[in-house]
Trainee: 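My questions will all concern the structure given below.
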Amino acid sequence: MADATLTPQRGILRWAALGLAALLAACASGPRVIPETRPAPTTEAPRERPSTRPISPGLPQDVERHRVALLVPMTGPNAGVGKSLANATQLAILDTRSDVLRITTYDTAGGAANAARQAIADGNKLILGPLLAEEAREVAPIARAARVPVLSFSNDTSVAGGGTYLLGYSPAQSIERVVDYAKGQGITNFVGLMTSGVYGERAATNFLRAVEDQGGKVLAMETYDGRPGSMTTAITKLSRSPYQAILIAGSGASGVTAAPLIRKSAGGKTARILGTELWNTDSAIGANAVLNGAWFASVPDNYYRTYATKYRTRFGAAPYRLSTLGYDAVLLTVRIAREWRPGDIFPERRLTAPDGFGGLDGAFRFGRDGIAERALEVQEVKAGTTVTISPAPTGFGN
């Protein structure tokens, strides 16, 4: 078994050796025996004694490995990301050469609550997933009653706590990181361009708090939606204030649409464009020349490119950027497994250890609120790619 305390610096991406088995078959024949014509003596057949062995349940019992459930959509509209997460967990098992985990995948497309009940009935002591916040809300009380922790891939902080931990990338943390960096570069006057909906509302709150904490000012904020002209109107209103930086709280595609409009507006000709963690989910973000010079904070990409190459080689397709959450969840579990006897409840207290964990996405640790605190880097869109301009910390000092 590989060292359970695996970090990227110690060779996180190692291939497991592949074995080859051969099947042998043989047949035999003998001379034909003709029976005698006289009747054979009759004998009473021995009676079979009833078996005293207990009947095993449907799934084979695995008493030497830890039972871990993966709850992801394997069918339906989100099947692509679900399969990518499942493939990532498989790759992590191979790379760590771990023989202590048995991961079973349960499709949440038919209902996350049903998947959770089945996973618990099958004897799983830890749940990885589900993907969406509404699914995590369904799973949480079921898992809590069974004393089974949940490591969800969601980033909706409202579902964290009570045994549910969030691995998803937090918009609040990415906004805080990029604002902190901008302030260090002498920027004090900000405006915000927020997408409509829950994400935009929470981003606006996080933005106001982050700028205030850095001693800066948010001069204005506007919201845009999918209606024609909505973004143009919002940017025009923002241009009434002479700002130094504008945060676009939306997807990378939103940034590509907004950037030319910002440059044409009176207040945004020389302003620094800032993005959120959503930009890192767009693999082509660096190729958009209109975003040259833009900054955004995200998990480090140091190991992602190597991972993506290995993933593509094994599965014949590119991974979803989010799939690294599945990979790192396995690394975390392998590390804790040395303090966890198969069949026992998962040692949940270990999740909040202050030293945290390391993975493809860098260092992270869970707070008592169940939210993953991540060490983030700041990237700049430059010359057809993204470059790191402020590296992520390699760990936590406290």
Side-chain angles (χ1 to χ4, degrees), residues 68-95 103-116 119 126-140 150-160 164-171 174 195 197-199 250-254 276-285 298-301 303-333 359-362 364 371-372 374:
V68 178
L70 176 67
L71 271 60
V72 289
M74 298 299 287
T75 56
N78 291 318
V81 65
K83 290 177 181 176
S84 194
L85 282 160
N87 289 341
T89 62
Q90 179 183 340
L91 190 57
I93 291 291
L94 292 173
D95 285 352
I103 299 178
T104 306
T105 302
Y106 298 82
D107 188 359
T108 56
N114 291 335
L126 176 67
I127 290 176
L128 309 182
L131 176 62
L132 304 177
E134 53 266 32
E135 295 174 334
R137 287 192 183 91
E138 295 178 19
V139 169
V150 174
L151 302 184
S152 174
F153 304 127
S154 171
N155 67 353
D156 187 337
T157 57
S158 68
V159 301
T164 297
Y165 299 81
L166 300 189
L167 280 162
Y169 314 130
S170 166
S174 73
T195 184
V198 175
Y199 182 89
S251 65
S254 296
T276 70
E277 86 294 341
L278 293 180
W279 288 22
N280 201 37
T281 63
D282 183 351
S283 59
I285 193 72
S298 73
V299 293
D301 278 337
Y303 302 102
Y304 177 76
R305 294 177 179 90
T306 303
Y307 159 78
T309 299
K310 283 193 171 185
Y311 182 104
R312 191 179 294 107
T313 299
R314 181 166 187 83
F315 300 109
Y320 279 74
R321 183 62 181 85
L322 196 68
S323 67
T324 52
L325 296 179
Y327 191 104
D328 286 356
V330 171
L331 295 187
L332 175 157
T333 307
L360 292 179
D361 289 334
F364 67 98
I371 299 170
R374 293 187 173 275

Trainee: Around atom OH of Y165, are there more than 12 heavy atoms of other residues, nucleotides or ligands at under 6.0 Å?
Mentor: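 Above 12, so yes.
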Trainee: Closest approach of G359 and L331, non-hydrogen atoms and distance?
Mentor: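 Heavy atoms only, the tightest pair is CA-CD1, 4.0 Å.
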Trainee: Roughly how far, to the nearest 0.5 Å, is the CG atom of L151 from the CD1 atom of I127?
Mentor: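 Taking CD1 in I127 and CG in L151, the distance rounds to 9.5 Å.
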Trainee: I want to check something: taking the side chain as every heavy atom from C-beta on, are L325 and L322 in contact at a cut-off of under 4.5 Å?
Mentor: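 L325 reaches L322 side chain to side chain.
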Trainee: Would you say N280's side chain and S298's backbone share a donor-acceptor pair under 3.5 angstrom?
Mentor: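 No, because the side chain of N280 does not come within donor-acceptor range (under 3.5 Å) of the backbone of S298.
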Trainee: Is D328 reaching over with its side chain to a backbone N or O of L360, donor-acceptor style, under 3.5 angstrom?
Mentor: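 Yes, the answer is positive, given that a donor and an acceptor are paired below the 3.5 Å cut-off.
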Trainee: Over all heavy atoms of both residues, which pair between P130 and A136 is shortest? Give the atoms and the distance, please.
Mentor: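 So the minimum-distance heavy-atom pair works out to CG-N, 3.5 Å.
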Trainee: Could you walk me through whether Y169 and L278 pass the side chain to side chain contact (heavy atoms under 4.5 Å, CB included) test, one step at a time?
Mentor: CA-CA 9 Å; Y169 314 130; L278 293 180; over 6 Å; no
Trainee: Nearest 0.5 Å, please: how far is CG in L132 from OG1 in T108?
Mentor: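 Result: 7.0 Å between the selected atoms.
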Trainee: Is any side-chain heavy atom of P171 closer than 4.5 Å to one of N155?
Mentor: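 When only atoms from C-beta onward are counted, P171 and N155 do touch, with a gap below 4.5 Å.
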Trainee: So among T89, D95, N87, which one has a side-chain hydrogen bond (donor to acceptor under 3.5 Å, both in side chains) with Y327?
Mentor: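 The passing option is D95.
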Trainee: Does Y320 offer a backbone N or O that forms a donor-acceptor pair with the side chain of S84 under 3.5 Å?
Mentor: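 A pair under 3.5 Å: yes.
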Trainee: Please report the C-alpha distance between F315 and Q90 in whole Å, then the side-chain angles of each, then the deciding distance to 0.1 Å, and finally whether the side chain to side chain contact (heavy atoms under 4.5 Å, CB included) criterion is met.
Mentor: CA-CA 11 Å; F315 300 109; Q90 179 183 340; 4.0 Å; yes
Trainee: Taking salt bridge (charged side-chain N to carboxylate O under 4.0 Å, His left out) as the test, write out the residues that go with R137, two or more places apart.
Mentor: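 Testing R137 for salt bridge (charged side-chain N to carboxylate O under 4.0 Å, His left out), a comparison that skips the adjacent residues, returns D156.
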Trainee: Please determine whether a side-chain nitrogen of the Lys or Arg among D107 and K83 lies less than 4.0 Å from a carboxylate oxygen of the Asp or Glu.
Mentor: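 Salt bridge between D107 and K83, a charged N being under 4.0 Å from a carboxylate O: no.
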Trainee: What's the shortest heavy-atom distance between S154 and V159, and which atoms?
Mentor: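 Smallest heavy-atom distance, with atoms named: OG-CG2, 4.5 Å.
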Trainee: Could you measure the distance from the CG atom of L167 to the CG atom of L128? Nearest 0.5 Å is fine.
Mentor: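 If I round to the nearest 0.5 Å, the distance is 8.0 Å.
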Trainee: Return the set of residues passing ring-ring contact (aromatic ring centres under 6.0 Å, His included) with Y304 (not counting sequence neighbours), or none when no residue passes.
Mentor: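 So Y304 forms a ring-ring contact (aromatic ring centres under 6.0 Å, His included) with Y307.
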Trainee: Can you tell me how far apart CZ (R314) and OG1 (T309) are? Round to the nearest 0.5 Å.
Mentor: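 Separation between the atoms: 15.0 Å.
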Trainee: For S254, does its backbone N or O pair with a side-chain atom of S251 as donor and acceptor, under 3.5 Å?
Mentor: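 Judged by distance alone, yes, a pair lies under 3.5 Å.
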Trainee: Using atom types as modelled and distance alone, determine if a side-chain donor or acceptor of S323 lies under 3.5 Å from a backbone N or O of A88.
Mentor: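 No, the answer is negative, given that no donor and acceptor are paired below the 3.5 Å cut-off.
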Trainee: Ignoring hydrogens and angles, tell me if any N or O in the side chain of T281 forms a donor-acceptor pair with the backbone of E277 under 3.5 Å.
Mentor: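 A pair under 3.5 Å: no.
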Trainee: If you compare all heavy atoms of A318 against all heavy atoms of R312, which two are closest, and at what distance to 0.1 Å?
Mentor: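 What the structure gives for the nearest pair is CB-NH2, 3.8 Å.
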Trainee: Where do L70 and A86 come nearest, in terms of heavy atoms and distance?
Mentor: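 Minimum heavy-atom contact is CD2-CA, 3.5 Å.
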Trainee: So how far is it from L71 CG to T105 OG1, rounded to the nearest 0.5 Å?
Mentor: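 That separation rounds to 9.0 Å.
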Trainee: Apply the test side chain to side chain contact (heavy atoms under 4.5 Å, CB included) to residues V299 and F364: give CA-CA distance (whole Å), side-chain angles for both, the deciding distance (0.1 Å), then the verdict.
Mentor: CA-CA 10 Å; V299 293; F364 67 98; over 6 Å; no
Trainee: Return the minimal non-hydrogen interatomic distance between Y311 and A317, and the atom names on each side.
Mentor: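 Nearest pair, atom of Y311 first, then A317: CD2-O, 3.2 Å.
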Trainee: Is the backbone of A160 close enough, under 3.5 Å, to the side chain of T164 for a donor and an acceptor to pair up by distance?
Mentor: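 No; zero donor-acceptor contacts below 3.5 Å.
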Trainee: Does V68 form a side chain to side chain contact (heavy atoms under 4.5 Å, CB included) with T104? I'd like the steps, not just the answer.
Mentor: CA-CA 6 Å; V68 178; T104 306; over 6 Å; no
Trainee: Just wondering, do D301 and R321 contact through their side chains at under 4.5 Å, heavy atoms?
Mentor: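 SC-SC contact between R321 and D301 confirmed.
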Trainee: Which value, rounded to the nearest 0.5 Å, describes the distance between T324 atom OG1 and F153 atom CZ?
Mentor: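 Between T324 OG1 and F153 CZ, I get 10.0 Å after rounding to 0.5 Å.
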